[in-house]
Novice: 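Please see the structure below; I have some questions.
Values below: every heavy atom of this structure, side chains too, minus hydrogens, waters and symmetry copies. On a predicted model such as this, the values are computed, not experimentally measured, just so you know.
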Amino acid sequence: MVGKSKPVRRLIITGVCGNLGEKLLLHFSQFTSLEKVVGLDIEAALKNKRFPAPSKMQGQTPEVEFIACDLTKADDARWREALQRADGLIHLAADYPFPDATWTQASASFDMTANLGLALAQKRTPTRAIFASSNHVMGEYKDSPLRNSLDLGGLKTDLPPGVGSKWRTEIKKTDSTPYATAKIMGERLFVQSANGSSGLVKAVNIRIGWCNVGENRPAKITASGSPEHQHTGQPKNRIPEEEKRSDTSWFHGMWLSNRDLCHLFERALFADETAWPGPAITINGISKNTGAYWSLEEARAYVQYEPIDDICRELNIPHV
């Protein structure tokens, strides 16, 4: 059991110019309970940022501010000062936020997480911190022998990590181990930051499923787990149909709709933590997908997440 923290009033979103960042910024910019939402990103991205003025129809919405900064620099006063003034943090930023990141890119992404995690541990004011982890920290469960050990809904967050997914398309082979390693280490860092904060930091690690850009239509997810339009070039490999079906069902089971994405982060940010087993928790982030291996038990219990969308309903199939 942990003590109840103060409500979040001033929120930071890192990587605000990315896919998830833009969606969450638009969502939280409408929250009348927030006083301010600060978006952090690299300067080049912010120069081209266009953000519509939030609606005033339902009350006073929060002030929205953008700050260009470099999270890989521990001494960058721009993000450090913003963090000190905030009581909520959603950390999405990455050097290259895709599963085929190189070790160099993944290392730079972890530098950002490490700098934020260390700064969190040094804060002297209450903060709810959310780290955008990834399904890829359990990627080895996609294949045998680990997959054979799972029941539907049995992939819980207390299972041993299976870091890195491997899959192939007709164009290329992908190994997400560097990307997933940065994510699992980020999880551990946020846990330790919360554990060492004397109760001031409450952290939520969310292992996000597949949430593609824009409308995020599930029909765009293929056996590679990525939108079809991302695959270019001439086919080089013939993938067995059984392997395609197995990968497709796995990736379909991890779909996270835009609506459920926003609801999940909203619950992670504002949920009462008094019933948590400790100051930091880890939950899975998928929609209500029929036949998925991923468990939503912890997300429902700890943050009262209740997803609405189901990829099977969207695709008119009985199960993933």
Novice: Which pair of non-hydrogen atoms, one from His91 and one from Ala93, has the smallest distance, and what is that distance?
Specialist: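 That would be CE1-O, 3.5 Å.
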
Novice: Show your working on side-chain contact (heavy atoms from CB on, under 4.5 Å) between Trp255 and Glu314 and close with a plain yes or no.
Specialist: CA-CA 11 Å; Trp255 180 60; Glu314 297 291 325; 3.9 Å; yes

Novice: Does the side chain of Thr127 come within less than 4.5 Å of Leu120's, by heavy atoms?
Specialist: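 With C-beta onward as the side chain, the pair touches.
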
Novice: Let me check something: do Ile308 and Ile208 share a hydrophobic cluster, defined by ILVMFWY side-chain heavy atoms less than 4.5 Å apart, either directly or through other members?
Specialist: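 In one cluster: no.
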
Novice: How about Lys73: does its NZ atom have over 12 heavy atoms from other parts shown lying under 6.0 Å from it?
Specialist: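 Open: at most 12 neighbouring heavy atoms sit under 6.0 Å from NZ of Lys73.
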
Novice: So if you build clusters from Ile, Leu, Val, Met, Phe, Trp, Tyr with side-chain heavy-atom gaps below 4.5 Å, do Phe190 and Leu40 land together?
Specialist: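 Yes, one cluster joins them.
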
Novice: Please check if the number of heavy atoms outside Arg217 that lie under 6.0 Å from its CZ is greater than 12.
Specialist: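 No, CZ of Arg217 has 12 or fewer neighbouring heavy atoms, counting only those of other groups under 6.0 Å.
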
Novice: Hey, does the side chain of Asn205 reach the backbone of Val191 with a donor-acceptor pair shorter than 3.5 angstrom?
Specialist: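 Flag not set: sc Asn205 to bb Val191 has no pair under 3.5 Å.
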
Novice: For the residue pair Thr282 and Arg207, establish whether any side-chain heavy-atom pair is separated by less than 4.5 Å.
Specialist: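 A side-chain contact under 4.5 Å exists here.
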
Novice: Check the side chains of Thr61 and Gln30 for a donor-acceptor pair under 3.5 angstrom, ignoring hydrogens and angles.
Specialist: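 No, because no side-chain N or O of Gln30 sits under 3.5 Å from a partner of the opposite role on Thr61.
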
Novice: Can you name the one residue among Asn289, Asp310, Leu315 that meets side chain to side chain contact (heavy atoms under 4.5 Å, CB included) with Pro218?
Specialist: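 Output: one option passes, namely Leu315.
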
Novice: How close do Ala101 and Pro178 get, heavy atom to heavy atom, and via which atoms?
Specialist: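 Heavy atoms of Ala101 and Pro178 come nearest at O-CB, 3.6 Å.
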
Novice: Starting at CG of Asp247, measure out to CD1 of Ile221 and round the result to the nearest 0.5 Å.
Specialist: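 That separation rounds to 12.5 Å.
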
Novice: Are Phe270 and Phe31 close enough that their ring centers fall under 6.0 Å?
Specialist: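 That pair passes the under 6.0 Å test.
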
Novice: Please check this pair: side chain of Asn284 against backbone of Leu155, looking for a donor-acceptor N/O pair closer than 3.5 Å.
Specialist: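 Yes.
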
Novice: Using the salt bridge (Lys or Arg N to Asp or Glu O under 4.0 Å) rule, take Glu297 and Lys156 through it: C-alpha gap first, then chi angles, then the decisive distance, then the call.
Specialist: CA-CA 8 Å; Glu297 181 179 322; Lys156 298 183 178 181; 3.0 Å; yes

Novice: Would Leu269 end up clustered with Leu24 when hydrophobic side chains under 4.5 Å apart are linked, directly or stepwise?
Specialist: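 In one cluster with Leu269: Leu24, yes.
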
Novice: Would you say that His136 contacts Met254 through its side chain, given a criterion of any heavy-atom pair below 4.5 Å between the two side chains?
Specialist: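 They are not in contact (no side-chain heavy atoms under 4.5 Å apart), so the answer is no.
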
Novice: Using 30° and 60° as the class limits, which term best fits the ring planes of Trp294 and Trp250: parallel, tilted or perpendicular?
Specialist: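 Rings of Trp294 and Trp250: tilted, as their planes differ by 30° to 60°.
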
Novice: Would a distance-only check, ignoring hydrogens and angles, find a side-chain to backbone donor-acceptor pair under 3.5 Å from Arg147 to Ser246?
Specialist: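 Answer holds: yes.
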
Novice: Given Lys288, which partner from the list Pro307, Cys312, Ser257 fulfils the side chain to side chain contact (heavy atoms under 4.5 Å, CB included) test?
Specialist: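 Only match with Lys288 under side chain to side chain contact (heavy atoms under 4.5 Å, CB included): Pro307.
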
Novice: How many angstroms lie between OG in Ser176 and NZ in Lys183, if you round to the nearest 0.5 Å?
Specialist: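 Interatomic distance, Ser176 OG to Lys183 NZ, rounded to 0.5 Å: 11.5 Å.
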
Novice: Testing the basics here: between Pro279 and Ala194, what is the closest heavy-atom pair and its distance to 0.1 Å?
Specialist: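 What the structure gives for the nearest pair is O-CB, 3.8 Å.
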
Novice: Measuring only between side-chain heavy atoms, which start at C-beta, is Phe265 closer than 4.5 Å to Leu261?
Specialist: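 SC-SC contact between Phe265 and Leu261 confirmed.
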
Novice: Please answer: with hydrophobic residues joined when any side-chain heavy atoms are less than 4.5 Å apart, are Leu11 and Leu71 in the same cluster?
Specialist: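 In one cluster with Leu11: Leu71, no.
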
Novice: Can you name the nearest heavy-atom pair linking Thr113 to Gly186, along with the distance?
Specialist: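 Looks like CG2-CA, 3.7 Å.
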
Novice: Check step by step if side chain to side chain donor-acceptor pair (under 3.5 Å) holds for Asp260 and Ser287.
Specialist: CA-CA 6 Å; Asp260 288 338; Ser287 284; 2.7 Å; yes

Novice: Counting only N and O atoms by type, is there a donor-acceptor contact under 3.5 Å from the side chain of Arg10 to the main-chain atoms of Val8?
Specialist: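 No; zero donor-acceptor contacts below 3.5 Å.
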
Novice: Look at the side chain of Trp210 and the backbone N and O of Leu256, then say whether any donor-acceptor pair between them is shorter than 3.5 Å.
Specialist: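 Here the side-chain-to-backbone pair does not exist.
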
Novice: If you round to the nearest 0.5 Å, how far is CD1 of Ile311 from NE2 of His319?
Specialist: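 That separation rounds to 13.0 Å.
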
Novice: Which value, rounded to the nearest 0.5 Å, describes the distance between Glu35 atom CD and Thr32 atom OG1?
Specialist: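 Reported to 0.5 Å precision, the distance equals 11.5 Å.
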
Novice: Which residue in the set Leu92, Ile42, Asp41 passes side chain to side chain contact (heavy atoms under 4.5 Å, CB included) when paired with Cys17?
Specialist: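 Going through the options one by one, the only one that passes is Asp41.
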
Novice: Given 3.5 Å as the limit, does a donor-acceptor pair link the side chain of Lys123 with the main chain of Leu83, or not?
Specialist: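 The answer is yes, because a donor-acceptor pair under 3.5 Å joins these two groups.
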
Novice: Are Lys36 and Val38 side-chain neighbours, meaning at least one heavy-atom pair lies under 4.5 Å?
Specialist: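 A side-chain contact under 4.5 Å exists here.
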
Novice: Run the numbers on Lys142 and Phe251 for side-chain contact (heavy atoms from CB on, under 4.5 Å), then give the verdict.
Specialist: CA-CA 9 Å; Lys142 179 178 78 69; Phe251 293 126; 4.0 Å; yes

Novice: Please check: side-chain N/O of Gln105 versus main-chain N/O of Thr102, any donor-acceptor pairing under 3.5 Å?
Specialist: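 Yes, because the side chain of Gln105 sits within donor-acceptor range (under 3.5 Å) of the backbone of Thr102.
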
Novice: Enter the distance from Asp76:CG to Cys69:SG here, rounded to the nearest 0.5 Å.
Specialist: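 Between Asp76 CG and Cys69 SG, I get 5.5 Å after rounding to 0.5 Å.
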
Novice: Does the pair Lys244/Glu241 count as a salt bridge with the N-to-O cut at 4.0 Å?
Specialist: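 Yes, Lys244 and Glu241 are salt-bridged.
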
Novice: Quick one, Tyr293 and Val320 - any side-chain contact, counting heavy atoms below 4.5 Å?
Specialist: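 Not touching, per the 4.5 Å side-chain cut-off.
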
Novice: side-chain contact (heavy atoms from CB on, under 4.5 Å) for Leu116 and Thr14? Distances and angles first, verdict last.
Specialist: CA-CA 10 Å; Leu116 281 169; Thr14 75; 4.1 Å; yes

Novice: Considering only heavy atoms from C-beta outward, does the side chain of Leu34 approach that of Phe28 to under 4.5 Å?
Specialist: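 Leu34 vs Phe28: side chains touch.
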
Novice: Compute whether any side-chain donor of one residue and acceptor of the other, for Lys23 and Asn258, lie under 3.5 angstrom apart.
Specialist: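 Checked: Lys23/Asn258 side chains pair up, N/O donor to acceptor below 3.5 Å.
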
Novice: Please answer whether the main-chain N or O of Asp95 pairs with a side-chain N or O of Ser109 as donor and acceptor at a distance below 3.5 Å.
Specialist: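 The answer is yes, because a donor-acceptor pair under 3.5 Å joins these two groups.
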
Novice: Is Val204 close to Trp276 at the side-chain level, that is, under 4.5 Å between some pair of heavy atoms?
Specialist: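 In short, these two side chains touch, coming nearer than 4.5 Å.
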
Novice: Quick check: closest heavy atoms across Val137 and Ala180, and the distance to 0.1 Å?
Specialist: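 Where Val137 meets Ala180 most closely, the heavy atoms are CG1-O, 3.7 Å.
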
Novice: Please check this pair: side chain of Ser133 against backbone of Ile206, looking for a donor-acceptor N/O pair closer than 3.5 Å.
Specialist: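 No, Ser133 side chain to Ile206 backbone: no donor-acceptor pair under 3.5 Å.
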
Novice: Can you check whether Tyr305's main-chain N or O pairs, donor with acceptor, with Arg267's side chain at less than 3.5 Å?
Specialist: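 Pair absent, no side-chain N/O of Arg267 close to backbone of Tyr305.
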
Novice: Does Ile90 form a side-chain contact (heavy atoms from CB on, under 4.5 Å) with Ile12? I'd like the steps, not just the answer.
Specialist: CA-CA 6 Å; Ile90 295 176; Ile12 285 179; over 6 Å; no

Novice: According to a 4.5 Å side-chain heavy-atom criterion applied to Ile, Leu, Val, Met, Phe, Trp and Tyr, with indirect links allowed, do Leu89 and Trp79 form part of one hydrophobic cluster?
Specialist: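 Hydrophobic grouping puts Leu89 with Trp79.
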
Novice: Less than 4.0 Å between a side-chain N and a carboxylate O, is that true for Lys166 and Asp143?
Specialist: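 A salt bridge is absent here (no side-chain N lies under 4.0 Å from a carboxylate O).
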
Novice: Checking side-chain hydrogen bond (donor to acceptor under 3.5 Å, both in side chains) against His27, which of His263, Glu22, Glu266, Arg259 comes through?
Specialist: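 Exactly one candidate clears the test, Glu266.
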
Novice: Rounded to the nearest 0.5 Å, how far apart are CD1 of Ile184 and CG of Leu189?
Specialist: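 Between Ile184 CD1 and Leu189 CG, I get 12.0 Å after rounding to 0.5 Å.
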
Novice: Whether Arg128 and Asp87 form a salt bridge (side-chain N of Lys/Arg under 4.0 Å from carboxylate O of Asp/Glu) is what I want to check.
Specialist: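 No, Asp87 and Arg128 are not salt-bridged.
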
Novice: Which atom pair, heavy atoms only, marks the closest approach of Ala292 to Gly253?
Specialist: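 Minimum heavy-atom contact is CB-O, 3.5 Å.
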
